[in-house]
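Computed from heavy atoms alone, side chains included, the values below leave out hydrogens, waters and symmetry copies.
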Amino acid sequence: MYHDQSGYSDDPAKRTDEENEHVEQARRFARYHVYRERGYDTLPALEHPDNLTAAALVVGQLSLERIEAYFGDYYQQLRSHGGHTAPAVEIPAAVEERDYLFYQKDLYLGTALEEFEQFEWRDGVFQPVTDSVTDVDPASVADRAVVAVSGVHIRWLDWSATEHVVRHDEPALERDPTVRFECRPFVPDSLDSFRDALVHNLACQARDCYIGMGIAPPEEMRVQGFGTYEYYIRYQKLDSMYQPYHQRNATITDWQEATTPNGHFPLE
């Protein structure tokens, strides 16, 4: 396997933004291929599509009571933008109205996640693989899979293109979080719709991982909307290369043609 980029300069400074992105795609794809074919831990924790998919399944199965227990501060922070409640964490005074503001929250999953091997994602719902699996409660399994969550982190890009992050209540765990939720301010209507928004954000992040490797996402991850800040910027900056996947109402053409540049080898 190789990435054919014989037309690119070896010096990144002499490449166009699109050429540099094709090289980065090849590197991301190589790390994913080694992980999938060899089982080596070659993927950064927060850029791991399997982690993101598993976390989406977990969160989608949590009861509303557990959603409130784990993510109530995140929900409160978002609802504060509609004047429904006070914010869970104060927005720094340095944040201006014109700045790009994002909220983040970390989720740590544990080994109980392995119990989900008896289930699969079908038609937007987590269902047993076979009809014989009837004595397993997905909500209970999901709850056991959650080890810890962080507080609400605030991230913003100011008008001078300087990035800032203020982090809150990080668990004392000697590992990276399994996933990190990230969203622009919006006002969820209810805990139920908020849970759906959390799942959708993780699905969009998984989509970003595949697109960032230059391969088409699996069918269930061909969703539109905000994933992460990095890809939000990438889709806008490299609009001649990427389609506006971050826009829910944008028209997206064939996903395979749109995300597989020359020189890449899609996984079968």
Side-chain angles (χ1 to χ4, degrees), residues 21 24-25 28-29 32 43-62 67 70-71 74-75 77-78 81 100-107 109 121-126 142 149-150 152-153 155-157 176-189 192-239 241-260 267:
E21 180 64 9
E24 288 304 313
Q25 280 187 340
R28 298 181 198 115
F29 178 83
Y32 181 66
L43 295 174
L46 299 180
E47 299 176 25
H48 199 310
D50 290 353
N51 282 357
L52 290 159
T53 302
L57 301 180
V58 168
V59 173
Q61 292 303 307
L62 289 172
I67 288 291
Y70 295 134
F71 304 103
Y74 206 29
Y75 181 65
Q77 189 70 22
L78 293 169
H81 283 272
Y100 287 95
L101 176 66
F102 305 85
Y103 293 124
Q104 300 175 324
K105 188 176 178 71
D106 297 340
L107 171 65
L109 299 179
W121 186 255
R122 297 200 306 271
D123 301 324
V125 180
F126 212 36
V149 294
S150 71
V152 177
H153 311 315
R155 181 182 188 182
W156 75 97
L157 184 73
D176 292 327
T178 307
V179 295
R180 174 171 293 150
F181 298 94
E182 188 164 26
C183 69
R184 295 292 306 276
F186 75 99
V187 183
D189 295 328
D192 196 11
S193 66
F194 171 63
R195 177 176 56 191
D196 290 344
L198 293 176
V199 173
H200 188 78
N201 177 241
L202 294 177
C204 288
Q205 289 191 38
R207 171 210 66 202
D208 290 345
C209 288
Y210 288 107
I211 290 173
M213 292 185 286
I215 59 178
E219 289 285 347
E220 63 271 18
M221 296 304 166
R222 296 183 187 185
V223 293
Q224 293 173 233
F226 185 89
T228 64
Y229 161 77
E230 283 79 8
Y231 278 89
Y232 172 79
I233 296 298
R234 190 169 290 150
Y235 295 150
Q236 295 182 85
K237 182 180 179 181
L238 300 173
D239 59 354
M241 178 177 176
Y242 290 123
Q243 296 185 64
Y245 305 104
H246 60 292
Q247 297 178 5
R248 284 211 182 209
N249 298 321
T251 299
I252 304 298
T253 59
D254 186 89
W255 287 81
Q256 181 68 46
E257 291 182 1
T259 62
T260 306
L267 295 175

Got [X] and [Y] here, is their nearest side-chain heavy-atom distance under 4.5 Å?
X	Y	value
Pro244	Thr251	no
Pro217	Ile211	yes
Leu107	Val59	yes
Tyr32	Pro49	yes

Practice item. Using ring-ring contact (aromatic ring centres under 6.0 Å, His included) as the criterion, point out the one residue from Tyr231, Tyr235, Trp255 that pairs with Tyr242. Key: Tyr235
Would you confirm whether [X], through its side chain, and [Y], through its main-chain N or O, come within 3.5 Å as a donor-acceptor pair?
X	Y	answer
Arg207	Gly225	yes
Arg28	Cys209	no
Tyr245	Gly227	no
Asn201	Glu182	yes
Gln224	Gln247	yes

Check your understanding: More than 12 foreign heavy atoms under 6.0 Å from CG of Asn249: is that the case here?
Key ->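 Counting other residues, nucleotides and ligands, CG of Asn249 stays at 12 neighbours or fewer.
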Give me the ring orientation class for [X] and [Y]: parallel if the planes are under 30° apart, tilted from 30 to 60°, perpendicular past 60°.
X	Y	answer
Tyr232	Phe226	tilted
Phe181	Phe71	perpendicular
Tyr100	Phe102	parallel

Point to revise | Gap between atom CD1 of Ile252 and atom CZ of Arg222 - 0.5 Å precision | key: 12.0 Å
Exercise for review: Evaluate salt bridge (Lys or Arg N to Asp or Glu O under 4.0 Å) for Glu230 paired with Arg180, printing each intermediate quantity in order.
Suggested key: CA-CA 13 Å; Glu230 283 79 8; Arg180 174 171 293 150; over 6 Å; no
On a heavy-atom basis, which atom in [X] and which in [Y] lie closest, and how many Å separate them?
X	Y	value
Pro185	Tyr103	CG-CE1, 4.0 Å
Leu101	Arg184	O-NE, 2.9 Å
Leu109	Thr178	N-OG1, 2.9 Å
Val187	His81	CG2-C, 3.9 Å
Ala206	Met221	CB-SD, 3.9 Å
Cys183	Tyr74	SG-OH, 3.4 Å

